[in-house]
There are 2 protein chains.
Amino acid sequence: MAGQAANERKRYAPDERRQMIVDEAAAFFSEVGLEGTTRELSQRLGVTQSLLYAYFASKADLLEAVFERVYLDRLSPDWPAQIADRTVPVRARAQHFYREYTGAIFTYEWMRIFMFSGLAGTELNRRYLGHLAKLILEPLCAEMQHAAGKKDGPQMEDIWNLHGGIVYIGIRKFVYCVPTPDDFGPPVEAAVNRFCDSFGLE
Amino acid sequence: MAGQAANERKRYAPDERRQMIVDEAAAFFSEVGLEGTTRELSQRLGVTQSLLYAYFASKADLLEAVFERVYLDRLSPDWPAQIADRTVPVRARAQHFYREYTGAIFTYEWMRIFMFSGLAGTELNRRYLGHLAKLILEPLCAEMQHAAGKKDGPQMEDIWNLHGGIVYIGIRKFVYCVPTPDDFGPPVEAAVNRFCDSFGLE
DNA sequence: GCTCTTATTGATCAAATGATCTATTATGAT
DNA sequence: ATCATAATAGATCATTTGATCAATAAGAGC
């Protein structure tokens, strides 16, 4: 699938080749970790190792391209508006968001690269989580507080607990590689429902 | 603290030295990852790299010792009995367990080494999670179902959701290194309470 | 204080790895 | 067909890293 037959040399346009490299690199590094070697990656591409350096100045450069490809546009620009749409009950809004969000990030590549780079101390993770909080989770928290009215609504730490319980499904599957439900929909929906129930949200 | 002054050669009893190495190795590998070098570790110990091989046949051997030291006896033998003790309400039992459990595993070393070895595909993680499920989480699930009586009690996937939401606090702090509450007690307690509330558990 | 055991060092090897540079050759334009 | 461009390969360098082994000296026992 990845390899090239023997010594056949195929010549691609730079843009195309670059994308081939980044794609395979994302798959490769998500599998073996950020310390995977450029040599092994080049083998999987059916290409010499030196070719990688025709496209990227350094391995760090290549990794940056991988991060960009994996994270970029994972946060849909529609979500903030949907979270804020009070014509729909908060519970349904939360359900909708987490259905889409888990659909977007519950992939082998995303989950593992996010974890690898988190452990490596990359600033990208903190920045991503900051964005997520600012754009989505904090507004969601505010909406739930508004919907709770007189009753006590959730605080941000409660929202993080909801979030963590859901994300943990992906961690179990793609990081720990233990069995999980085939369909993530039901457990995610149940988690959101329990959360809303416990705060008396409609 | 770790280093030794210049060329001073101190001679320790094998057991003592071995423990020094494993201790520092746990701190070291939890920081930089399982691919940290034996040379850097030896520097932190104020010792030659070759000395490590007087105590461990290989780096893999040393890592195994680290895993053992980090995981071993983390699961208290008392927990199963406490989970099963029906003279106490399940909610209180769950509270008690998660207070102790988070107290045991919410450390820099445990959290990160568990994540590193999970990503590395070590069998240890799956075995640990298997033990945890069999000894504690499944019994807890059964107890909650019993307490729920006619009402629908939680299924294992619900328990995993509770568990994940709690563990995620530690992941945020020690893996992603983002701000978390100083005291883990309140958010953990709140999470357990919400869970019990949503299932109508006393 | 002396001796003997052995914990520890220092030098070294072989393989792996990121990076560089020049020689090839596939491909589009003429 | 032929040529020119540049995408790609192949060889190579300098470090790094796990591992080995003979030489050294710290410390216990007499």
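Protein chains get the first letters and strands the later ones, always in sequence-line order, with residue 1 at the start of each.
- Between B/Q43 atom CD and D/dT16 atom C1' the separation is 13 Å, expressed in whole Å.
- Salt bridge annotation for A/E31-A/R44: present, with a cationic side-chain nitrogen under 4.0 angstrom from a carboxylate oxygen.
- Remark: C1' of D/dA19 and CG of B/D61 are 13 Å apart, rounded to the nearest angstrom.
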Contact list (N/O, under 3.5 angstrom) for nucleotides 26-30 of chain D vs protein:
unit_1	atom_1	unit_2	atom_2	d
D/dA26	N3	B/R11	NH1	2.5

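- Whole-Å rounding puts the B/L45 CG to C/dA7 C1' distance at 15 Å.
- Side chain A/T48 to base D/dG10: no donor-acceptor pair is found below 3.5 Å.
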Which letters describe nucleotides 13-18 of chain C, given B = protein heavy atom under 4.0 Å from base, S = only from sugar-phosphate, - = neither?
-> ----BB
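- Taking the six-membered ring where the residue is Trp, the centroids of A/Y168 and B/Y168 are separated by 6.0 Å or more.
- Atom CE of B/M20 and atom P of C/dA7 are 14 Å apart (whole Å).
- Using a 4.0 Å cut-off between a side-chain N of Lys or Arg and a carboxylate O of Asp or Glu, A/R194 and B/D158 qualify as a salt bridge.
- The backbone N or O of A/I105 sits nowhere less than 3.5 Å from a side-chain atom of A/R74 that would complete a donor-acceptor pair.
- With salt bridges taken as basic N to acidic carboxylate O contacts below 4.0 Å, one links B/E143 and B/R86.
- Heavy atoms from other residues, nucleotides or ligands lying under 6.0 Å from CD of A/E157 number more than 12.
- Put simply, CG on B/L41 is 13 Å from P on D/dA19, counting in whole angstrom units.
- Using a distance-only test at 3.5 Å, with no hydrogens or angles considered, no donor-acceptor pair links the side chain of A/R126 to the main chain of B/V178.
- Of all the heavy atoms in A/P154 and A/Q145, the pair that sits closest is O-NE2, 2.8 Å.
- One can place CG of B/L51 at 16 Å from P of D/dC21, the figure rounded to the nearest angstrom.
- A/E16 has no carboxylate O lying under 4.0 Å from a charged side-chain N of A/K10, or vice versa, which leaves the two without a salt bridge.
- At a threshold of 4.0 angstrom between heavy atoms, the contacts of A/F56 with the nucleic acid are absent.
- For A/E16 and C/dT27, the CD to C1' distance is 13 Å, given to the nearest whole Å.
- One atom, CD1 of A/I21, and another, P of D/dA7, lie 11 Å apart when rounded to the nearest Å.
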